[in-house]
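Numbered from 1 within each chain, the chains take letters A, B, ... in sequence-line order. Every heavy atom of this structure was used, including side-chain atoms; hydrogens, water molecules and symmetry mates were not.
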Amino acid sequence: MASLYKFPLKMHIGAPCKAIVKEGEALERGQCIAEPEGLGVKIHTSVSGTVDKITSSEIIIKAHEVQSKDYIRIKKCNTIKETCCEAGIVGAGGAGFPTYIKLDASIPDGYVIANCVECEPILGHNIAMIEQNPEVMLKGLQYAMEAVNAKNGIIAIKSKNKKSINSLTNSLSKYKNIIIKELDDIYPMGEERAIINQIFDKWLEPTQLPLEASSVVLNCETLCNITRAVEEGKPVIDKDVTVGGKLCNKKDVNIFFDVPIGTPVSEMIDRCGGIDGEYGEILLGGPYTGKAGSLDSDVVTKSLGGIVVTIPFPKYEGNVGLLVCACGANEDRLRYIASKMGAKVVEVLPCKNVENIRGVNKCKTPGKCPGQAAVILKFKKAGANRLIISNCSDCSNTVMNSAPQLGLGVYHHTDHVFRTVNHQLTRRLK
Amino acid sequence: MSISIEHIEELKKEFAVVCCRAEAGTIISASNLEDPAIFEELEDSGLLKMPADCLKIEEVLGAKLIKTIDSLTPMTPDMFESINKSDELSEPNEKAVLKYNKKAGDIIKAEDLENPMNFEKLEDSNLIKLNERVLNREEVLGKELIMDAVALTPVTGPMLKGYVEKECNEVKPDKKQSVKSSVLKIKIAEGKGIDIEIPLNIAGSFDNEYECAGEKFNADTIDAFEVNEITTNTTIQEPKKLRSLTKKYYSIKEVKFGEKTKIENGILFIREDICDDAKKGIDLVKDIKIEIITPDKYNTYSETIMDVQPIATKEKEGKIGTGVTRVLDGVVVIVTGTDENGVQIGEFGSSEGILEENIMWNRPGAPDKGEIFIKTQVTIAAGTNMERPGPYAAHKATDYITQEIRDVLKDIDDSSFEKTEEFVQYRRRGKKKIVIVKEIMGQGAMHDNLILPVEPVGVLGGKPNVDLGNVPVMLSPLEVLDGGIHALTCIGPASKECSRHYWREPLVIEAMNDEDVDLCGVLFVGSPQINSEKTYVSERLGMTVEALDVDGAIVTTEGFGNNHIDFASHIEQIGMRGIEVVGMSFCGVQGALVVGNKYMKHMVDNNKSEEGIENEVLSCNTLCKEDAIRALTMIKSALNNDEIKVPEKKWNPSIKESNLNIIEKDSGKIIDRVLNETSIPLSDKRKNKKK
């Protein structure tokens, strides 16, 4: 077990928190160590130990050798919303949006949607959780419905996850007004607006929040955290994580429940036997939206669900064009991949459906392609020989219907990840 | 019971299940593993449930358990510290593409090769190009690279050390691509028995578009050959026409009784008193009647249908299997009968009843809907229905009538035949050589077949299969299609092959016309009654097939149960000689194989019935064109070492459909599916069975 645990002061959307402990201070697991200044939630230590160091961006805690599963409970709150704030709950699916703000609504005719889509390939901890213990999520959904006065709950899940659906169906009789909505297995089915489109057949503008469709969308693990906070007074100190890729234990996918937040990524990889030979990158998050991480400095956070060790990038020392899509890698990530391949970037173009909303790329209609031929022609004119694209399933299909015919080679930015775990590449839809 | 160390090698691809409790920390060895042979029973009895991620034996041997597991627990990855991923090369015949960026001097290992699952997409994306020059995975394994190559480079010969020398010494007579991509041509003006085979891919340079650009291959080693034209004897030869058979058809519109047997203006007259003569001299035949069944009489009662026969005759003393055969179109002879006590001949399941409820129309061995039947009803001596002479007598008496028709057919003016059909037998040397083995009944009691009578499906001159000792007899495909087999088979009606079946045998036709295989002949082998004879016969079959030097064999059988013992033994005798075998039989539910061996891995089920049973509808479950296509595709796949999936444990008709779909998708041709018993009226017999 690692001895140093790092807690970034910003594990959520909003402003960084402010440390409320001092270096050398002794701490118990569950104790609050940072409080928000502005938008944010509290941060609690997942280990008992002493504060080793505090920097502008993180608190480092030296853990005692022996750790207990027990923790300091949060104070009793009057409302579920308050409990969520107190327990430091943020969206566990990746974005890290503070949950109490999402729950700051009243939608008597609306819906709380449990996002159990887990649409990033390789990641499997949400589905595994539901399969083994659907009650925690179901209860959380009910608490969330109570918090926003919503009558109805909808569980959005891919229909391929038969076992989890069975397990949900078996438990569902105890819960009123909750239904299961089965979705297709394409990326990005788990995007909030894509889910809403699937359920209500209506596209929200990229600027609109699900609330405008009288809905609140919460990730499966976030709902579980609500249950734990409400029923057991447990703050967010543990995280479910999937570790996969080129690992010595030869298992493409390793699922870990309740990993203490702050655990070094390197330790998670060691728990899978370590890295098997040469590797390309340590991908944090899923294949589509994840980013390269560092073995030395990155740790498990409130919103980190996936750690994937990839095979090396294929070398290509020619001219490439980067097609940026809101559903996958952003320009920085594509440039990073191009540089790892040794390629020269001659043109960068966004998919025409990309809108930049407050610094973040959003797609107008996630999972529904607007046509790509025009951009492909531009790449060709710019002298690109190959493209690196970051599109969703549907848009990648469109690219495949024009780029190769024009003689352009096509990489998808997820290729090296999928090739690592023998997953189907994102290209034409079948 | 645990498995023995000797067997571990052949069982390494089977699932790993512990036979007894194994403590955490145990290093798994053979003694911890349950014998996979009993998994099916264990699963059926609910003692074992295989999880989707159950590990294979090779993956757990030597691996350390981190949990204590009780007996009969299937092993899954979560129980182990780490498992062995087999280093063995999967899909050896797929193309070799590098997965990682490699340097000159690197040795190519299995893990260095890209998973073929994404080849289609990578090719589609212009990232790789897999042409004939790209080597197979197994060809590059362990080889040393002589140049740097980046990830996703397809591996070709010139990239590897020692490739050219090695391949030049090796003779591979049937590399198809050597002709297609002919860049190198060789002329040898004189000489005998010279075998030269050079992989022509070494003569090309790299496609500049790909990663290895700039590395030109030096073709010095082949400069010694003059570039001219191909005259070596290892290249593919033209198909050789061996013989042909012409069938001329005379269309019959009406069949009547008349003063004498004659054919006039499309009307066949049958002599009114012909039955008196037909039974003369055959003691066992007590009575014989003829009924003429026109389509409006299809709903009349009939005794069990013993056989369906074409009416055909050889022109000018011609021999079966060659020359011209005259055929009456639109009319067939049907043999039916009982013994004096009214017991059906061949009562092992029988098709007596209303004709249209008991005939699966248009099967190769059945009447076609719309045809006129000349139906004999023969009464044989009491109690002789279950021994060979009884049914034989019924056939012989019927053939007397057919022969009189054949004689008048011989005299018809040549100009009155409106349709002809030509069958040509080719040998295609250089293609995969196959033989068809047809197991026919020969159990002495009543099952018998006359081999090569003088007239198509005649009696005279035919040698009873039982009298020949059931040993293999080789017929040319054309002899089969020309009525060389007169079937006296009296097994279950749905799966028995009537004489007409051989006359229109779909597998023989498909294989003979398939340009990808070299069909060398059709071997008929009986199914003797006594066990010691069974071995004798199948061993002879094995030796015969071995001597034929074929690459593959398709073994068919009719019926189910007893004959499956021979069927399994035939396949074993062929398979153990390193020859690929496809087996074809009615199985379904009722006819599930009672015996098996490790060579019975490529099986085609002829079942068509809805419930997978012998439904007593004539010819319902016999071999049809759709089955023939599946069997041929399967033998070709087996000969190409393509993966053929292991069947499911329980009968599942959708496997057949999905195989047909794959073939249709691959060939771009639609395969017509035949109808089954649900397309005809339900007989009382079947109604009662359903209840």
Side-chain angles (χ1 to χ4, degrees), chain A residues 128 162-163 246-256 271-274 276-280 311-318 340-343 385-389 396-397 399-401 403-412 415-416 418-430, chain B residues 49 51-53 55-56 58-60 63-64 66 76-87 90-91 97-103 106 109 111-129 148-154 207-214 665:
Chain A
K162 297 253 173 330
K163 280 191 196 161
K246 210 161 173 267
L247 300 163
C248 283
N249 70 357
K250 308 281 183 190
K251 277 155 76 176
D252 286 341
V253 173
N254 301 267
I255 291 170
F256 296 95
R271 282 167 74 173
C272 302
D276 182 19
E278 262 188 90
Y279 69 100
I311 59 170
F313 291 89
K315 243 189 207 128
Y316 177 64
E317 287 165 356
K340 282 279 183 181
M341 290 169 64
N385 295 324
R386 293 187 180 181
L387 304 178
I388 306 177
I389 66 171
S396 298
N397 181 57
V399 171
M400 287 307 294
N401 281 322
Q405 288 81 339
L406 291 174
L408 297 173
V410 181
Y411 295 99
H412 193 275
D415 283 358
H416 67 293
F418 289 154
R419 286 172 55 226
T420 307
V421 295
N422 294 319
H423 187 281
Q424 285 287 338
L425 300 183
T426 304
R427 290 293 194 279
R428 279 182 211 276
L429 296 171
K430 286 277 169 183
Chain B
K49 207 178 157 206
D53 58 345
L55 295 168
K56 303 267 166 64
E58 61 181 352
E59 291 174 312
V60 301
K64 188 174 166 189
I66 51 169
T76 49
D78 54 296
M79 298 168 184
F80 291 93
E81 212 170 59
S82 71
I83 53 168
N84 323 320
K85 272 220 169 155
S86 66
D87 192 39
S90 58
E91 303 175 80
V97 175
L98 293 178
K99 183 168 182 176
Y100 303 120
N101 307 314
K102 287 275 163 196
K103 293 251 180 296
D106 286 350
K109 298 189 291 291
E111 63 183 36
D112 293 327
L113 297 173
E114 183 72 17
N115 188 332
M117 66 181 284
N118 282 315
F119 282 177
E120 202 187 324
K121 288 178 173 170
L122 291 169
E123 274 202 283
D124 194 22
S125 307
N126 277 347
L127 296 180
I128 61 172
K129 198 180 215 175
D148 293 357
V150 300
L152 297 181
T153 304
D207 187 334
N208 282 340
E209 201 183 330
Y210 293 91
E211 268 82 4
C212 305
K665 214 178 130 196

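The backbone N or O of Val150(B) sits nowhere less than 3.5 Å from a side-chain atom of Lys315(A) that would complete a donor-acceptor pair. A donor-acceptor distance shorter than 3.5 angstrom exists from the side chain of Asn118(B) to the backbone of His423(A), with no hydrogens or angles considered. Looking at Asn101(B), its side chain never comes within 3.5 Å of a backbone N or O of Pro314(A) through a donor-acceptor pair.
The two residues Met117(B) and Asn422(A) have their closest heavy-atom pair at SD-O, 3.2 Å. The two residues Asp78(B) and Lys251(A) make their nearest non-hydrogen contact at CA-NZ, 3.8 Å.
By the side-chain contact (heavy atoms from CB on, under 4.5 Å) test, Lys102(B) is found to be paired with Leu98(B), Tyr100(B), Asp106(B), Asp112(B), Leu145(B), residues two or more places apart in sequence or in another chain being considered. Among residues two or more places apart in sequence or in another chain, the salt bridge (Lys or Arg N to Asp or Glu O under 4.0 Å) test is passed with Arg271(A) by none.
For the pair Ser125(B) and Arg427(A), the minimum side-chain heavy-atom distance is below 4.5 Å. In this structure, Asn126(B) and Val410(A) have side chains that are not in contact, with every pair of non-hydrogen atoms separated by 4.5 Å or more.
Taking Pro404(A), Gly318(A), Gly273(A) one by one and counting their heavy-atom pairs under 4.5 Å with chain B, the maximum is reached by Pro404(A). By number of non-hydrogen pairs under 4.5 angstrom with chain B, the leading residue of Met400(A), Arg419(A), His412(A) is Arg419(A).
Looking at Phe418(A), there are no atoms closer than 4.5 Å to chain B (heavy atoms on both sides), in backbone or side chain. For chain B, no part of Leu247(A) is nearby; none of its heavy atoms comes within less than 4.5 Å.
Ion pairing between Asp124(B) and Arg428(A) holds under the 4.0 Å rule for side-chain N and carboxylate O.
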